[in-house]
Amino acid sequence: MTVTQQMDPNVALLATGAQMFPDQPGTVVAARAEVLKKNPDAIKALVKAHVRAVDMIAKDPAASAKLVNNYLGKGLMEPATLEAAFKGPGSKFVADPHKVVPAVEKMMAYTKEIGSASETVPVAEAFDFSFYDAVAK
């Protein structure tokens with residue numbers, strides 16, 4: 001949305017994703033069960049880095065934008081654009097998986113209701129909170 005609005009200032013945001021589906025889960029850190037079992041230290045380090053990144057985006061979006069641009073964006077967009085996106089209405093980064101459980105349950109129920117999923121999975125089976133809980137101590 002940030003890029004689109006920068007390209008055309010006449011573009012208007014009618015509703016954010018959060019307005020259409022409150023507290024919707026967006027991006028998550030995911031790994032297959034076999035990876036969790038074989039590489040628990042690496043997963044713990046990944047989760048720790050994720051927690052630090054979410055904290056940094058909240059506290060210093062400008063510095064975060066420069067890092068993201070250097071390591072992920074490879075110059076595809078200006079750091080100012082990334083910073084604007086981090087501050088925009090569509091960005092609400094959350095590291096704590098416990099906080100998205102109710103929204104995930106609602107999202108799963110909705111996808112089943114509209115027919116894009118044939119069944120739902122209990123959240124206890126969809127998330128392994130142990131890595132976050134170990135890092136958050």
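Computed over heavy atoms, backbone and side chain alike; hydrogens, waters and symmetry mates excluded. Count residues from 1 along the sequence.
Not one N or O on the side chain of Thr81 forms a donor-acceptor pair closer than 3.5 Å with the backbone of Met77. Panel note: side chain Ser116, backbone Thr111; a donor-acceptor pair is recorded below 3.5 Å. Judged purely by atom type and a 3.5 angstrom limit, Ser64 uses its side chain to pair as donor or acceptor with the backbone of Met56. Not a single donor-acceptor pair under 3.5 Å links the side chain of Asn39 to the backbone N or O of Ala42. Judged purely by atom type and a 3.5 angstrom limit, Ser91 uses its side chain to pair as donor or acceptor with the backbone of Ala85.
Of all the heavy atoms in Ala103 and Pro22, the pair that sits closest is CB-O, 4.4 Å. Across all non-hydrogen atoms, the minimal contact from Lys112 to Glu119 is CD-CA, 4.1 Å. Counting all heavy atoms, side chain and backbone alike, Ile43 lies closest to Ala31 at CD1-CB, 4.0 Å.
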Point to revise | Full working for side-chain contact (heavy atoms from CB on, under 4.5 Å) between Phe129 and Val101 | key: CA-CA 11 Å; Phe129 299 106; Val101 169; 3.6 Å; yes
Review point. Hey, mind stepping through His98 and Tyr132 against side-chain contact (heavy atoms from CB on, under 4.5 Å) and telling me if it holds?
Key: CA-CA 9 Å; His98 299 282; Tyr132 174 81; 4.2 Å; yes
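For Glu78, the CD atom is loosely surrounded, since the number of other residues' heavy atoms within 6.0 Å does not exceed 12. Few gaps surround CZ on Phe21; more than 12 heavy atoms of other groups in view lie less than 6.0 Å from it.
Residues Val94 and Val54 have side chains not in contact (no heavy-atom distance under 4.5 Å, counting atoms from C-beta outward). Counting heavy atoms from C-beta outward, Thr120 and Tyr110 have side chains that stay 4.5 Å or more apart. Using a 4.5 Å heavy-atom cutoff, the side chains of Leu82 and Lys66 are not in contact. Using a 4.5 Å heavy-atom cutoff, the side chains of Val29 and Phe131 are not in contact. Contact annotation: the side chain of His50 never approaches that of Val135 to less than 4.5 Å [non-hydrogen atoms, C-beta and beyond].
From Lys38, atom NZ reaches atom CZ of Arg32 across 8.5 Å, with rounding to the nearest 0.5 Å. For the atom pair NZ (Lys92) and NZ (Lys99), the distance works out to 9.0 Å, reported to the nearest 0.5 Å. The distance from atom CG of Asn69 to atom CD of Glu83, rounded to the nearest 0.5 Å, is 12.0 Å.
Ring pair Phe93/Phe86 is perpendicular by interplanar angle, where above 60° counts as perpendicular and below 30° as parallel.
Each of Met20 and Leu13 belongs to its own hydrophobic cluster when Ile, Leu, Val, Met, Phe, Trp and Tyr are linked at side-chain heavy-atom distances under 4.5 angstrom. Hydrophobic clustering (ILVMFWY, side-chain heavy atoms < 4.5 Å, transitive): Leu36 and Val47 are in one cluster.
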